[in-house]
Number of protein chains: 2
Amino acid sequence: MSTSRTRPNLSQLATLLDVSAATVSNALSGKGRVSEELAERIRAKAAELGYMPSQAGRALRTGRTQVLGLVLPDIANPLFPQIAQAIEHAASNAGYGVLIADSRGDVAMQTKAIQQLQDRGVDGIVIVPRRGTRVADIGSPVAVIDSPSTPGNTVSADHWQGGQLVARHLLDLGHRDLLLIGNNPASNVQNDRIGGIKSCLPSSVRARVLWIEPHEEAHGKGCHLGLKERFEEGVTAFAAVSDLHALRALTELQGAGVRVPDEASVTGFDDLIWSSAITPALTTVRMDMETIAEQAISALTIVIEAQTAPDQEKSVLRLSKVAKADRTSVPMDLVVRQTTGPASSQAVKAPPAGDME
Amino acid sequence: MSTSRTRPNLSQLATLLDVSAATVSNALSGKGRVSEELAERIRAKAAELGYMPSQAGRALRTGRTQVLGLVLPDIANPLFPQIAQAIEHAASNAGYGVLIADSRGDVAMQTKAIQQLQDRGVDGIVIVPRRGTRVADIGSPVAVIDSPSTPGNTVSADHWQGGQLVARHLLDLGHRDLLLIGNNPASNVQNDRIGGIKSCLPSSVRARVLWIEPHEEAHGKGCHLGLKERFEEGVTAFAAVSDLHALRALTELQGAGVRVPDEASVTGFDDLIWSSAITPALTTVRMDMETIAEQAISALTIVIEAQTAPDQEKSVLRLSKVAKADRTSVPMDLVVRQTTGPASSQAVKAPPAGDME
DNA sequence: TCGCTACGCTTAATCGTTTAATCAAGCGCT
DNA sequence: AGCGCTTGATTAAACGATTAAGCGTAGCGA
């Protein structure tokens, strides 16, 4: 084979073309002054040899690695595939690689993970913080994806509006007695979603909130949530703030003999992978991760570029390193599937034990 | 604050200590000859200033970036969190960072993704290939995590043995008529799991296989799998090769009024995040991702180090770049939860009318 | 004709680290 | 004293890219 064992570098390309390495660099980057004709020859040769600049050399000289860090503190977060995929895609389009760092649920390790990323020389960091964690001012440019109500948030889904979608959908179906299911009240995301739902409900509808984590602490992990009882009390719709909890609710109801959606409706959030695979398929609210990721990355790149700009030193004083996107919140979409249906049927069916309000 | 704006480098450290940069390098790496006393002084100063070597500089000189690539071709694979977390952890322990590359389910993009990783200068690549994809010989060291029956596989769970666990568990419970549920017969992993199950079954038990993807092509995506009918034909246990399909089966059965585990048992594979959260909690088979990741990474690092070793050129000819682990397959563990129960009850219970037992 | 600018390219310095080559000194031996 | 060997440090040359500065030539206005 004639394919060279080792990848060509600038100077090899240069000697082959009988020009200086600098010219090749200029031609390929379009920076300096190179005649169009020569530039074309250089580009051709580069393409022919499959030349790819060494990131190491470039990084050393420019101080930029073209790599971003992604830190996902929630252990085994089922959203991870969606997030990682979207971020990777957006970053890749912007010419960045993505280095992952997992802090395994440990809040203290989050700092360590960030530190390690910085030691690796990342140009910036995308953080999806653990619930409630406030991201301190790190040395590097940072984009935070959490919730609009988190201070220092860069961009995120409009969880509040997502909640409103759920509320209106259930209202339209005639539901008047809801159980909202969350995991932990310390999460900004979950609070926004629940707040959004509540904000749409007229005072005539009853809406109670069940927080799973406190409940489990009292009754043991994996315990029943007592949804059957709520159903018998008249609750016709169960709105969870995550598909994971929606799934739990759905199976618990089904197992207790409550028919979904005929007797009770269930909704979730995030459109996780299984939501469309189960029977009945889950009605949920999806976030536009593509857009969120794009916003985060573009906001981040702006900060990164401002970083190296020799500009006014004002920037050093004024410009925070945490990125600010132009669209700080991205609307969510309601995906109506089969776990929601008209409440009227329940009203008929309610009698067994409960009463109507 | 007295913390310097910019991180210290070798020469700064050197001039501060009135020695040469080379000596500092030697002292910190323990390579050259440096008096213990001086070495200690150097280490102390380095620690004091929080000196961290520039990866860029080092990479340029040594040709190694201390970064591995992780390519996950299956789009939004629900295993992703587990895999990424385990790999990241193992890699981190070995001093490597992990760069992710997602080929979004597109087989052609897998090659492109690998290419990009190589352009970024990764030292090696961990691939969890898309079903059936044979990983060609890339230029870089590679570790493949798929299934023992995949040629070129480095390490993976012992899917066959996992299947045997399921079979024996169901057999012990008295099940004699099974439906095995897979997605696509082209997957080595799924075939191994099914093969393992079958290998344990005496000829007296009936075991049919339902492949979802072909079935969906015939009946439309998200269609019913007709499990109720199978149940009525006498099937008492549904063994899926993935929790995702087990979940689908479980909800379909529950929705059709079949009680699990009283009337039918369901098992899955992989212990995905939701398996323990649903009701009833899913009996499944878990792979020891920690061990798999460790094996993959350590095998990979060996190849990487062999790479730079100036050894006999024999290695260039003989030594393949695909890593070989000492434990090529890692046993799986059965996690018995609530979706499996004795088959006898069904035999009794088969008539529609309910009783308790 | 002189001086100025624009063009197109080359020279050379630089980023931070590693490492082979070198060198000075000390010490034990013959 | 002279030779060889070890010890502990220094020098200098890479690695591959970017980029400011320099330099010869040509065009052009004064």
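By convention in this document, chain letters (A, B, ...) are assigned in the order of the sequence lines, proteins followed by strands, and residues within each chain are numbered from 1. Note that the structure is predicted; figures quoted are calculated from it, not measured.
- Residue A56(A) is classed as having no contact, given no heavy-atom separation below 4.0 Å to the nucleic acid.
- Along DNA chain C, the nucleotide nearest to A22(B) and the one nearest to E36(A) differ in position, and the one closer to the 5' end is contacted by E36(A).
- Put simply, S35(A) has a side-chain N or O that comes within less than 4.0 Å of OP1 or OP2 on dC9(C).
- Between D18(B) atom CG and dG8(D) atom C1' there is a gap of 16 Å when expressed in whole angstrom units.
- Taking atom CG on L60(B) and atom P on dT19(C), their separation rounds to 13 Å, with Å as the unit.
- Computed from coordinates, the R64(A) CZ to dT19(D) C1' distance equals 15 Å when rounded to whole Å.
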Please determine whether side-chain contact (heavy atoms from CB on, under 4.5 Å) holds for the pair L70(B) and L99(B), giving the CA-CA distance in whole Å, both sets of side-chain angles, and the decisive distance to 0.1 Å. CA-CA 6 Å; L70(B) 172 63; L99(B) 213 44; over 6 Å; no

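- Residue T23(B) is in base contact, counting any heavy-atom pair closer than 4.0 Å across all strands shown.
- Distances shorter than 4.0 Å separate some side-chain N or O of Y51(B) from OP1 or OP2 on dT17(C).
- For the pair S11(A) (side chain) and A14(A) (backbone), a donor-acceptor distance under 3.5 Å is absent.
- Per the geometry, CG belonging to L28(A) stands 8 Å off P belonging to dT18(D), to the nearest Å.
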Report the C-alpha distance between E37(A) and R43(A) in whole Å, list the side-chain angles of each, state the deciding distance to 0.1 Å, and finish with yes or no for salt bridge (charged side-chain N to carboxylate O under 4.0 Å, His left out). CA-CA 10 Å; E37(A) 177 210 21; R43(A) 279 192 292 267; over 6 Å; no

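- Atom C1' of nucleotide dT17(C) and atom CE of M52(B) are separated by 14 Å, given to the nearest angstrom.
- Taking the side chain as every heavy atom from C-beta outward, L17(B) and R41(B) approach each other to under 4.5 Å.
- In this entry the distance linking CG of N26(A) with C1' of dT11(C) reads 13 Å, nearest Å.
- In this structure, the side chain of T154(B) engages the main chain of V144(B) through a donor-acceptor pair within 3.5 Å.
- Counting any heavy atom pair closer than 4.0 Å across all strands shown, S20(A) reaches a base atom.
- In this structure, Q55(B) atom CD and dT17(C) atom P are separated by 10 Å, rounded to whole Å.
- Comparing dT11(C), dG22(D), dA17(D) by their closest approach to the side chain of L10(A) singles out dA17(D).
- A donor-acceptor contact under 3.5 Å is formed by the side chain of R61(A) with the base of dT14(C).
- Contacts of R58(B) with the nucleic acid, taken as non-hydrogen atoms under 4.0 Å apart, involve only primed sugar atoms and P, OP1 or OP2.
- In terms of phosphate contacts, K31(B) brings a side-chain nitrogen or oxygen within less than 4.0 Å of OP1 or OP2 of dT19(C).
- Residue order along DNA chain D, read from the 5' end via each residue's closest nucleotide, puts V34(B) first among G57(B) and V34(B).
- Distance CZ (R33(B)) to C1' (dC5(D)): 11 Å, rounded to an integer number of Å.
- Among the atoms of the strands shown, only primed sugar atoms or phosphate atoms (P, OP1, OP2) are found under 4.0 Å from some heavy atom of S54(B).
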